[in-house]
Amino acid sequence: MKAKRSPFAILLLLSFLSISTAATTRKIQTRKPCKSMVFYFHDIIYNGKNAKNATSAIVGSPQWGNKTILAGQNHFGDLVVFDDPITLDNNLHSNPVGRAQGFYLYDKKEIFTAWLGFSFVFNSTRHKGSINFAGADPLMNKTRDISVIGGTGDFFMARGVATLMTDAFEGEVYFRLRTDIKLYECW
């Protein structure tokens, strides 16, 4: 004896098959950036002896810290403001094409990590305006991504991702970040 199948059951079975087939064949679209750039920014932290050359300073510290030496425990609680030169290569003495201006704060006791909020401010023949960045910076990772959250001038309303890589690190006084910027919204 054959079981009768209702038209409703067959229709339901066909709709489930078409949904599962459509879900597995949909391609993920990869977007190409509309603009790619690489810059280096050089941070020289004030340590009580280098006021002439310093480009950043500790402006907030935990109770056990001070404002001339980064706190112990992964610098937790330190807030640093910076105005660093940006160059096209990794040489600190190259002509700057702009300034990296903003702050970073060390936000975790257990892991060496920071949170960044800053802008690249340009005023050269090559670029005018700014690119704004924000995001978590897990410093122990070789590369880290932060968000490009806007811009002005040549970078009006820019959106994208900046991949940071610590290119040089000299104790508690100097570091250089390679910043590989990929913009996906350009105007």
Side-chain angles (χ1 to χ4, degrees), residues 36-62 64-124 126-127 129-152 155 158 160-183:
S36 296
M37 302 167 288
V38 174
F39 298 102
Y40 294 82
F41 75 93
H42 308 265
D43 192 70
I44 303 168
I45 302 168
Y46 174 70
N47 66 0
K49 301 172 191 164
N50 62 349
K52 185 178 177 184
N53 297 326
T55 61
S56 64
I58 303 166
V59 296
S61 62
W64 63 85
N66 65 54
K67 292 190 175 82
T68 54
I69 300 171
L70 291 165
Q73 297 180 336
N74 294 313
H75 309 317
F76 176 70
D78 282 333
L79 170 63
V80 179
V81 175
F82 61 92
D83 180 17
D84 297 338
I86 305 168
T87 60
L88 295 174
D89 61 20
N90 63 4
N91 185 345
L92 171 62
H93 302 292
S94 293
N95 285 331
V97 295
R99 305 294 293 181
Q101 299 172 327
F103 68 93
Y104 51 93
L105 60 99
Y106 294 97
D107 58 352
K108 201 153 181 149
K109 268 185 177 180
E110 302 82 27
I111 300 170
F112 193 49
T113 183
W115 193 90
L116 303 167
F118 65 98
S119 298
F120 278 3
V121 180
F122 300 97
N123 191 11
S124 67
R126 194 173 208 177
H127 302 293
S130 66
I131 304 173
N132 305 313
F133 306 87
D137 186 11
L139 297 161
M140 299 312 288
N141 294 355
K142 183 175 179 170
T143 61
R144 307 76 84 180
D145 291 331
I146 61 171
S147 301
V148 174
I149 58 172
T152 64
F155 309 101
V161 174
T163 302
L164 304 178
M165 184 177 84
T166 304
D167 189 54
F169 182 80
E170 295 175 16
E172 303 285 313
V173 178
Y174 173 79
F175 66 85
R176 179 179 58 235
L177 291 181
R178 181 181 192 275
T179 309
D180 185 359
I181 303 167
K182 299 213 179 335
L183 300 179

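Counting heavy atoms from C-beta on, the side chains of Val173 and Ile44 come closer than 4.5 Å. Side-chain contact between Val38 and Tyr40 is present, with at least one heavy-atom pair separated by less than 4.5 Å. Between Ile131 and Val121 there is no side-chain heavy-atom pair separated by less than 4.5 Å.
Considering only residues two or more places apart in sequence or on other chains, His75 meets the side-chain hydrogen bond (donor to acceptor under 3.5 Å, both in side chains) condition with Glu172. Applying the side chain to side chain contact (heavy atoms under 4.5 Å, CB included) rule to Thr68 yields the partners Tyr46, Asn66; only residues at least two apart in sequence or on another chain are considered.
Between the CZ atom of Phe103 and the CG atom of Leu79 there is a distance of 7.0 Å, given to the nearest 0.5 Å. Taking CD1 of Ile181 as the reference point, atom CZ of Phe120 lies at 5.0 Å (rounded to 0.5 Å). A distance of 10.0 Å separates OG1 of Thr152 from CZ of Phe122, quoted to the nearest 0.5 Å. Of the inter-residue distances, the one linking Ile86 atom CD1 with Phe39 atom CZ reads 7.0 Å to the nearest 0.5 angstrom. Of the inter-residue distances, the one linking Arg99 atom CZ with Ser119 atom OG reads 13.5 Å to the nearest 0.5 angstrom. Taking CZ from Phe118 and CG from Asp43, the interatomic distance works out to 10.5 Å, rounded to the nearest 0.5 Å.
Side-chain atoms of Asn53 never come within 3.5 Å of backbone atoms of Asn50 as a donor-acceptor pair (strictly under, hydrogens ignored). The backbone N or O of Arg126 sits less than 3.5 Å from a side-chain atom of Ser124, completing a donor-acceptor pair.
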Does the pair Tyr106 and Leu139 meet the rule for a side chain to side chain contact (heavy atoms under 4.5 Å, CB included), with working shown?
CA-CA 10 Å; Tyr106 294 97; Leu139 297 161; 3.7 Å; yes

Determine, step by step, whether Val59 and Val80 satisfy the side chain to side chain contact (heavy atoms under 4.5 Å, CB included) criterion, reporting the C-alpha distance in whole Å, the side-chain angles of both residues, the deciding distance to 0.1 Å, and the verdict.
CA-CA 6 Å; Val59 296; Val80 179; over 6 Å; no

Would you sort out whether Phe41 and Thr179 count as a side chain to side chain contact (heavy atoms under 4.5 Å, CB included), showing the intermediate values?
CA-CA 8 Å; Phe41 75 93; Thr179 309; 3.7 Å; yes

Pair His42, Leu177 - check side chain to side chain contact (heavy atoms under 4.5 Å, CB included), show working.
CA-CA 7 Å; His42 308 265; Leu177 291 181; over 6 Å; no

Working note: Asp84 + Thr55, criterion side-chain hydrogen bond (donor to acceptor under 3.5 Å, both in side chains); need CA distance, chi angles, decisive distance, verdict.
CA-CA 5 Å; Asp84 297 338; Thr55 61; 2.6 Å; yes

Intermediate values then yes/no, side-chain hydrogen bond (donor to acceptor under 3.5 Å, both in side chains), Asp78 and Ser61:
CA-CA 4 Å; Asp78 282 333; Ser61 62; 4.7 Å; no

Which is it for Tyr104 and Phe82 under the ring pair (Phe, Tyr, Trp, His ring centres under 6.0 Å) test, yes or no, and what are the steps along the way?
CA-CA 8 Å; Tyr104 51 93; Phe82 61 92; 5.6 Å; yes

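Contact record, Asp180 with Lys182: OD1-NZ, 3.3 Å, taken as the closest heavy-atom pair. The nearest pair of heavy atoms linking Ala162 to Val148 is N-CG2, 4.1 Å. Here the closest heavy-atom approach between residue Lys108 and residue Thr113 is recorded as CB-CG2, 3.3 Å. Considering every non-hydrogen atom in both Pro85 and Pro96, the closest pair reads CB-CB, 4.2 Å.
The number of heavy atoms from other shown groups lying within 6.0 Å of CG (Asp89) is above 12.
Ring centroid separation for the pair Phe112 and Phe76 does not come in under the 6.0 Å cut-off. For His127 and Phe155, the ring centers sit closer than 6.0 Å to each other.
For residues 133-146, the pairs satisfying side chain to side chain donor-acceptor pair (under 3.5 Å) are Asp137-Arg144, Arg144-Thr166, Asp145-Thr163, with sequence neighbours left out.
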